[in-house]
2 protein chains.
Amino acid sequence: MQDIADKLGLSKGTVSLVLSGKAKGSRVSEETCRKVKQMAAEMNYQPNEIARSLSTGKSMSIGVVITDISNEFFGNLTFHIQEQAKKYGYTVITSNTNESPEEFYDAVTTLLNKQVDGIILVPVDEGQEVLLKIMKRNLPVVQVDRYYPDIKANYIIIDNYKVSRDVIEVLIRKGLQRIAVVCYDINLNALTDRRQGYIDALDRHGLLDPALIKNINYENQEEEIKRAIIDLKNNPDKVDAIFFCSRRVFITGVKYMHREGIKIPEEMEVVCFDEIDSFSITNMPITYIKQPIRKMGEKAVDILMEQMSGIDEIKECVFEAEIEYSI
Amino acid sequence: MQDIADKLGLSKGTVSLVLSGKAKGSRVSEETCRKVKQMAAEMNYQPNEIARSLSTGKSMSIGVVITDISNEFFGNLTFHIQEQAKKYGYTVITSNTNESPEEFYDAVTTLLNKQVDGIILVPVDEGQEVLLKIMKRNLPVVQVDRYYPDIKANYIIIDNYKVSRDVIEVLIRKGLQRIAVVCYDINLNALTDRRQGYIDALDRHGLLDPALIKNINYENQEEEIKRAIIDLKNNPDKVDAIFFCSRRVFITGVKYMHREGIKIPEEMEVVCFDEIDSFSITNMPITYIKQPIRKMGEKAVDILMEQMSGIDEIKECVFEAEIEYSI
DNA sequence: CTGAAAGCGCTTACAG
DNA sequence: CTGAAAGCGCTTACAG
């Protein structure tokens with residue numbers, strides 16, 4: 001900027017005005033404006049956003065903290081967040097927690113120090129302090145996919161309870177009676193709600209059987225899911241269907257169903273929470289629950305932008321998920 | 001920092017020294033050091049990395065420009081890049097090109113203005129200028145997955161030609177003769193090499209038949225893949241196998257194979273370029289090509305760091321991919 | 001061992 | 001319509 005100003009015999013301030021687009025109105029003459037722009041192009045001027053950020057106090061970037069970017073659900077979510085942020089002129093810094101509270105803390109601390117203008121995050125078990133730290137700084141933040149019920153903060157989720165209950169109702173209406181659930185034992189509402197929806201639906205029809213509820217430890221999932229499948233296969237009363245509470249559990253579960261020679265859907269039907277883009281590589285029918293990922297990602301950004309512009313009413317968004325069929 | 005200095009009757013400079021970890025040696029007394037740290041903790045001091053960046057000229061962040069973060073391959077790649085960057089204390093800003101040269105240009109321009117210390121990118125067709133722009137700035141950059149052959153720059157790829165030729169050889173050795181290929185018609189070496197590997201292997205055995213080469217237009221892929229499958233099914237000489245040159249093509253292709261009632265592997269075998277984490281939801285055998293994604297991502301970061309530290313020898317890394325079986 | 005000062009590249013009141 | 005100056009929060013020679 002100084003160089004441009006020198007060449008043109010202008011001041012740095014004037015150059016700044018036109019290059020940052022604040023030259024409208026009668027502030028700077030058309031003539032000057034034109035000359036500055038031309039010279040900037042000639043000298044191949046590129047603005048330094050870091051300097052601008054320090055000066056304005058806005059970094060024009062937002063932080064996104066998710067479990068794991070290589071997971072299809074979060075990959076999709078991040079994609080839509082990024083595309084939406086781009087529309088507002090914002091850039092996105094992502095980081096992974098791998099469900100660890102330490103990594104969660106580190107990720108957020110780094111983002112805060114980088115002076116992001118807002119944060120979208122997927123809460124981690126035992127990570128309440130981290131969310132509070134952001135809020136104490138008065139920085140806009142929105143939780144996605146899960147939320148801490150004890151903290152009054154923005155969140156966007158789907159109605160996990162309702163859609164889980166509904167999908168089980170659908171199976172019951174089809175005549176299936178013995179329905180199992182395979183779910184992580186993690187203490188997060190997204191998961192507990194899914195399990196509870198299942199329980200209530202079956203209970204209402206007097207079909208609940210505790211032996212059909214399989215809770216899986218996250219660390220040791222492969223082994224535990226395998227055992228759950230074998231167990232369900234060997235249940236003296238034939239099991240009609242299995243409701244898998246998340247993508248990974250479904251994939252592993254179905255793998256072992258194949259290994260055990262369980263015919264899908266003839267012997268057992270399957271339900272998957274979340275869509276998998278490669279459902280079509282198998283030709284068996286899968287009932288699945290589809291979250292409105294795009295809407296969720298876009299909404300998260302919209303809320304963030306609203307809050308950045310000063311509105312600080314807390315938003316608690318609950319979207320509806322849909323029940324769909326792969327074939 | 002000023003506040004801490006004031007409270008302690010020290011200068012800002014001294015505080016900066018200890019808080020940025022440059023107080024080693026005899027530079028600052030142990031006593032002062034201790035007091036500063038304690039006060040910083042008490043006052044809950046959080047460094048402003050933006051200010052530091054402006055001062056040091058290093059942003060401690062790198063840019064990653066990929067096709068689409070919601071794609072499993074790029075999601076995995078990005079994950080490993082992020083984890084590796086974290087080890088070096090770097091943060092990652094990602095953006096998607098959706099294969100568009102305009103978005104590619106915009107993404108890189110934004111990153112440059114944000115003063116990233118280096119860029120890892122997946123080249124886009126017709127995007128040479130963008131890469132040159134980065135290099136003109138003397139900013140470290142490494143291409144991943146593909147590269148522009150006319151530009152002397154770092155890249156990390158796998159030997160697409162060799163592994164494609166090898167996988168076809170494997171099929172031939174198994175006794176399969178009529179092998180088809182379904183591949184995008186995009187003019188990028190990753191894709192053209194795969195097709196050429198296929199062609200050369202078959203040619204060597206006198207098994208090449210142009211009717212079995214199906215080039216797919218990216219924009220209209222669903223329809224074109226469908227037509228290709230029907231066409232192959234109706235080929236008067238039975239087709240024994242199909243080599244799908246990428247993940248998406250495979251998923252769509254297999255979908256239509258199921259729709260057309262083609263039995264896999266009894267009637268036709270299938271080969272997929274790239275691993276899909278949900279292969280196991282189907283119980284048919286799939287031959288696939290597995291890229292060392294983790295090594296590629298880590299290496300990309302390593303090279304970037306090397307170049308940032310002044311080494312500017314150009315690295316052209318070619319990794320080997322492996323042939324694997326889903327069952 | 002510590003302080004005073006300049007500088008990183010911008011923006012933005014304030015004067016004129 | 002334009003300029004001079006202060007300031008954003010750090011770092012880093014340079015003195016002492």
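Just so we're on the same page: letters track the sequence lines, and every chain starts at 1.
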CG of B:Leu17 versus P of D:dT12: gap in Å, rounded? 9 Å

Quick one about A:Tyr88 and A:Asp302 (side-chain donor to acceptor, distance below 3.5 Å, no hydrogens or angles considered), yes or no? yes

On the nucleotide D:dT11, are OP1 or OP2 found under 4.0 Å from the side-chain N or O atoms that B:Thr56 carries? no

So what does A:Ser20 hit on the nucleic acid, given a heavy-atom distance under 4.0 Å: a base, only sugar-phosphate, or nothing? sugar-phosphate

What is the distance from CE of A:Met60 to P of C:dC10, rounded to the nearest Å? 16 Å

Nearest-Å distance for atom pair NZ/P, residues A:Lys58 and C:dC10: 19 Å

Which part of the nucleic acid, if any, lies within contact of B:Gln115, taking any heavy atom under 4.0 Å across all strands shown: a base, the sugar-phosphate backbone alone, or nothing? nothing

Looking only at D:dT12, C:dT12, C:dC8, the nucleotide nearest the B:Leu54 side chain is C:dC8

Rounded off to whole Å, could you give me the CG-to-P distance for the B:Asn113 and C:dG9 pair? 14 Å

Against the side chain of B:Asn48, the closest entry in C:dC10, C:dG3, D:dC10 is D:dC10

So does A:Val92 get a backbone contact from the side chain of A:Lys86, meaning a donor-acceptor N/O pair under 3.5 Å? no

For atom CD of B:Gln2 and atom P of D:dG7, their distance in whole Å: 12 Å

Pick out which of A:Gln307, A:Glu313, A:Glu316, A:Gln143 makes a side chain to side chain donor-acceptor pair (under 3.5 Å) with A:Asn154. A:Gln307

With A:Val64 as partner, the option from A:Leu77, A:Thr94, A:Ile93 fulfilling side chain to side chain contact (heavy atoms under 4.5 Å, CB included) is A:Thr94

Strictly distance-based, threshold 3.5 Å: is any side-chain N or O of B:Thr78 a donor or acceptor partner for the main-chain N or O of B:Phe74? yes

Ignoring the backbone of B:Ser16, work out which of D:dT11, C:dG9, D:dA4 is nearest its side chain. D:dT11

Could you check whether any side-chain N or O of A:Asp68 sits under 3.5 Å from a backbone N or O of A:Asn98, counting only pairs where one atom can act as donor and the other as acceptor? no

Carefully, step by step, assess A:Glu129 and A:Lys133 under the rule salt bridge (Lys or Arg N to Asp or Glu O under 4.0 Å). CA-CA 6 Å; A:Glu129 289 304 323; A:Lys133 179 175 173 182; over 6 Å; no

What does A:Thr32 touch in the nucleic acid at a heavy-atom separation under 4.0 angstrom: a base, only the sugar-phosphate, or nothing? sugar-phosphate

Under the 3.5 angstrom rule, does the side chain of A:Ser95 hit a backbone N or O of A:Ala107 as a donor-acceptor pair? no

Between B:Thr14 and C:dG3, is there a contact of a side-chain N or O with OP1 or OP2 at under 4.0 Å? yes

Under 4.0 Å between any heavy atoms, over every strand shown, what does A:Leu10 touch: base, sugar-phosphate, or nothing? Just pick one. sugar-phosphate

Starting at the 5' end of DNA chain D, what dot-bracket string do you get if Watson-Crick and G-U pairs under 3.5 Å are bracketed, crossing pairs use [ ], other-strand pairs use | and unpaired bases use dots? |||.||||||||.|||

Could you give the CZ-to-C1' distance, from B:Arg52 to C:dG9, as a whole number of Å? 19 Å

Atom-to-atom span, NZ of A:Lys12 to C1' of C:dT11 - whole angstrom: 9 Å

To the side chain of A:Ser55, which of D:dG9, C:dC10, D:dA4 is closest? C:dC10

Nearest whole Å is fine: how far is D:dT11 P from B:Leu19 CG? 8 Å

